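One structure below.
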There are 2 protein chains.
Amino acid sequence: MSEIDNVRESFVQLWGAMGSFWGISPTGAKVYAWLMSRADPADSEEIMAGLELSRGAVSMACKELREWHLIEVEKAPGSRRSRFRPATDLEKVVRNIVQIRKRREWDPLREHLLEWIPQLEAEESPEAETFRRRLESLEGLITLADSMVEMFLKGGMVSKIGLKMLVRASRSDLPHPQLRFEQATQDKERP
Amino acid sequence: MSEIDNVRESFVQLWGAMGSFWGISPTGAKVYAWLMSRADPADSEEIMAGLELSRGAVSMACKELREWHLIEVEKAPGSRRSRFRPATDLEKVVRNIVQIRKRREWDPLREHLLEWIPQLEAEESPEAETFRRRLESLEGLITLADSMVEMFLKGGMVSKIGLKMLVRASRSDLPHPQLRFEQATQDKERP
DNA sequence: TTGAAGTTTCAAAAAGTCTTGAAATTTCAA
DNA sequence: TTGAAATTTCAAGACTTTTTGAAACTTCAA
């Protein structure tokens, strides 16, 4: 067995296990990893053989990957068989995933918070006030996260802020870049 | 039923459903949300009653939350009963979660990549080369993500880069801040 | 148009994850 | 030190998610 097959197998395995991190099913993640490991696009027969999956499983996985824009489908002319090509512009891929998950998972949370906070304002108990303050600071944090994510989505943290500044900010032994900002709101606890 | 109870219930529900996003079990997430909704720390009896969970479930959930530094345990003097206080410094909380998940999930991936790339270099087939180039660009992306995460962990994206710059970078209608940087490596595909 | 190749669907089975509760262990006020 | 209170553990069961594969459907070369 040649080296590439070992690496392919380990990569497929690890990427499959990481699928849940991205919100992708293990099988979907494995199929993507397997496609990445091959120079040319593959059809479902090849994927079935390469990963020992059923026809249905491959179809489901490819459907999922298509929804995430992780693969493109193409048909060789004069054939009716689909071939799957993995997206290799990883920055774009990550951007897609982040955008979809933000919409599905973060935006609803934010909307609920904005609805709950006034409801708690209506109540006057100290309990409600503590709870409200906490939800407010959560909302603040999500707004911040949102603007970071938006920046990333709009096409490049790196090109806009500059890698140098990012690297610099990540090292505590260098002096900070200039700009400052007032701290995010903080929950004042009872002692 | 007063307003606060409605909000509490919805919040517990939603947060519980989002648990998997953070890598926390649904029950753990619910317990944390419930504690956040109360002004004072609670003991396990109260949590059991408030969320209709068994003693064991509460113990497991609190153990998990302690591991994530999402709650602190304290004992009222002269009592042997633990009371649980939710961490409300959310920026710190998020930082903890990100750090732990990074260690558990990202760092191993990066290590594997650094091991696999030379293995593929040893092989001379075009297939291996394509695969290697893709793994390299993945490694590049992870390195970049790493420096962003490190910066966040080291105590404040916001205070170091400045919220103004973040907001500005997230808006496409304003001119960009100065710094630039060469693009991340990109997989050159065969046509 | 036809029909074989190709794809998708979906109900059932398998796998995986979470919860329970009784028993074992630990803790600490007396 | 003692032992009742408190906590943790863990195997069994409940629940959730994922996978399968056979059947239904769609496509397109002939």
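Every value quoted in this text rests on a predicted model; they were computed, and no experiment measured them. A note on names: the letters A, B, ... follow the listed sequences, proteins ahead of strands, and every chain is numbered from 1.
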Rounding to an integer number of Å, can you tell me how far A/Ile24 CD1 sits from D/dT19 P?
13 Å
Between P of C/dG6 and CD1 of A/Ile47, the distance in whole Å:
14 Å
Whole-Å distance, B/Lys63 NZ to D/dC10 C1', equals 10 Å
Evaluate the ring-ring contact (aromatic ring centres under 6.0 Å, His included) criterion for residues B/Trp34 and B/Phe11: first the C-alpha distance (whole Å), next the side-chain angles of each, then the deciding distance (0.1 Å), finally the verdict.
CA-CA 8 Å; B/Trp34 189 85; B/Phe11 181 57; over 10 Å; no
Between P of C/dC10 and CD of A/Glu64, the distance in whole Å:
17 Å
With sequence neighbours left out, the residues meeting side chain to side chain contact (heavy atoms under 4.5 Å, CB included) with B/Ile97 are B/Trp22, B/Ile24, B/Trp68, B/Leu70, B/Val93, B/Arg101
With sequence neighbours left out, what residues match A/Thr143 under side chain to side chain contact (heavy atoms under 4.5 Å, CB included)?
A/Arg110, A/Glu139
Quick check on D/dT18: is either OP1 or OP2 less than 4.0 Å from any side-chain nitrogen or oxygen of A/Ser25?
no
For A/Arg83, answer base if it contacts any base atom (sugar-phosphate contacts may also be present), sugar-phosphate if it contacts only those atoms, and nothing otherwise; contact means non-hydrogen atoms under 4.0 Å.
nothing
Kindly list each side-chain donor-acceptor pair under 3.5 angstrom involving residues 118-125 of chain A, sequence neighbours excluded, with atom names and distances?
unit_1: A/Glu123; atom_1: OE1; unit_2: B/Glu3; atom_2: N; d: 3.3
unit_1: A/Glu123; atom_1: OE1; unit_2: B/Ile4; atom_2: N; d: 3.2
unit_1: A/Ser125; atom_1: OG; unit_2: A/Ala128; atom_2: N; d: 3.1

Can you build the contact string for nucleotides 20-30 of chain C? Use B for base contact, S for sugar-phosphate-only contact, and - for no protein heavy atom under 4.0 Å.
BB------BS-
Sorted by chain and number, sequence neighbours left out, side chain to side chain contact (heavy atoms under 4.5 Å, CB included) with A/Ser20 holds for none
Listed by chain and number, what are the side chain to side chain contact (heavy atoms under 4.5 Å, CB included) partners of B/Lys75, not counting sequence neighbours?
B/Ser82
